[in-house]
A.B. asks: 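Please read through the structure below; I'll follow up with questions.
Because only heavy atoms are used, hydrogens play no part in the values below, and waters and symmetry mates are left out as well, while side chains stay in.
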Amino acid sequence: MGKYESKLQSSQMDFLCDALLCLKTREECYRFFDDICTINEIKSLEQRLQVARMLNDKKTYIDIASETGASTATISRVNRCLNYGSDGYKIVLKRLNQIKQK
């Protein structure tokens, strides 16, 4: 994979990425997200990842909305990112699937 240029790129974003990458356990993740995010912010991130997983599994918008509570606008946005985005969802879902299979 080549060097990725993001519109989010900054020294502050690098610091946040490095902070996430230094976490080693699920408990450390919980502790960090408890401190850095509001409940609504973390629930939004959680929901989007679940939507991406379900879209990747070829679930319908109706099933996804019913199971996650996500709006069709959110589902559509996540779908657009899966199909035309920066492949962030795809990288994570592929790696999570590999972990699950071990």
A.B. asks: For the atom pair OG (S11) and CE (M13), what is the distance rounded to the nearest 0.5 Å?
C.D. replies: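 Answer for the OG-CE pair, S11 versus M13, is 12.0 Å.
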A.B. asks: Quick one: CD on Q47 to OG on S71, what's the gap to the nearest 0.5 Å?
C.D. replies: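 With rounding to 0.5 Å, CD (Q47) is 7.0 Å from OG (S71).
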A.B. asks: If I take atom CG from residue D34 and atom OG1 from residue T38, how far apart are they, to the nearest 0.5 angstrom?
C.D. replies: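 If I round to the nearest 0.5 Å, the distance is 11.0 Å.
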A.B. asks: Working note: Y61 + N79, criterion side chain to side chain contact (heavy atoms under 4.5 Å, CB included); need CA distance, chi angles, decisive distance, verdict.
C.D. replies: CA-CA 10 Å; Y61 274 38; N79 194 43; 3.5 Å; yes
A.B. asks: About how many Å separate CG of D14 and CG of L21, when rounded to the nearest 0.5 Å?
C.D. replies: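 That separation rounds to 10.5 Å.
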A.B. asks: Roughly how far, to the nearest 0.5 Å, is CZ of R53 from OG1 of T68?
C.D. replies: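 Answer rounded to 0.5 Å: 9.5 Å.
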A.B. asks: Would you say Q101 and N97 make side-chain contact, with heavy atoms under 4.5 Å?
C.D. replies: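 Answer yes - side chains close enough.
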A.B. asks: Checking E46 now: which residues fulfil side chain to side chain contact (heavy atoms under 4.5 Å, CB included) with it, not counting sequence neighbours?
C.D. replies: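 In terms of side chain to side chain contact (heavy atoms under 4.5 Å, CB included), with neighbours along the sequence ignored, E46 is linked to K43.
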A.B. asks: Would you find more than 12 non-hydrogen atoms of other residues, nucleotides or ligands less than 6.0 Å from E28 atom CD?
C.D. replies: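 Atom CD in E28 is crowded, with more than 12 foreign heavy atoms closer than 6.0 Å.
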A.B. asks: Checking the side chain of S66 only, and the main-chain atoms of I62 only, is there a donor and an acceptor separated by less than 3.5 Å?
C.D. replies: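 Checked: no pair found.
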A.B. asks: Restricting to side chain to side chain contact (heavy atoms under 4.5 Å, CB included), what partner residues turn up for F33, sequence neighbours left out?
C.D. replies: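 With neighbours one apart ignored, the set is L20, C29, I36, C37, I42.
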A.B. asks: Any sub-3.5 Å donor-acceptor pair from S6's side-chain atoms to L8's backbone N or O?
C.D. replies: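 Looks like yes, one N/O pair under 3.5 Å.
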A.B. asks: Once rounded to the nearest 0.5 Å, what's the spacing between atom CZ of R80 and atom CG of L55?
C.D. replies: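 R80 atom CZ to L55 atom CG measures 12.0 Å (nearest 0.5 Å).
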A.B. asks: Taking V78 as the starting point, is it possible to reach L96 by hopping between hydrophobic residues whose side chains are less than 4.5 Å apart?
C.D. replies: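 Yes, L96 and V78 fall within the same hydrophobic cluster.
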A.B. asks: Within the supplied structure, the quantity of interest is the number of heavy atoms (other residues, nucleotides, ligands) at a distance under 6.0 Å from F32 CZ; does it exceed 12?
C.D. replies: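 Atom CZ in F32 is crowded, with more than 12 foreign heavy atoms closer than 6.0 Å.
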A.B. asks: Closest heavy-atom contact between T74 and R48?
C.D. replies: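 In this case the closest contact between T74 and R48 is CG2-CG, 4.3 Å.
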A.B. asks: How close do A70 and V51 get, heavy atom to heavy atom, and via which atoms?
C.D. replies: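 Closest approach of A70 to V51, heavy atoms only: CB-CG2, 3.7 Å.
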A.B. asks: Check whether V92 and I64 end up in the same hydrophobic cluster, where Ile, Leu, Val, Met, Phe, Trp and Tyr are linked by side-chain heavy atoms less than 4.5 Å apart.
C.D. replies: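 Yes; tracing contacts between hydrophobic side chains, which count when under 4.5 Å, links both residues.
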A.B. asks: Are any of the side-chain heavy atoms of L49 and L93 separated by less than 4.5 Å?
C.D. replies: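 Yes, their side chains come closer than 4.5 Å.
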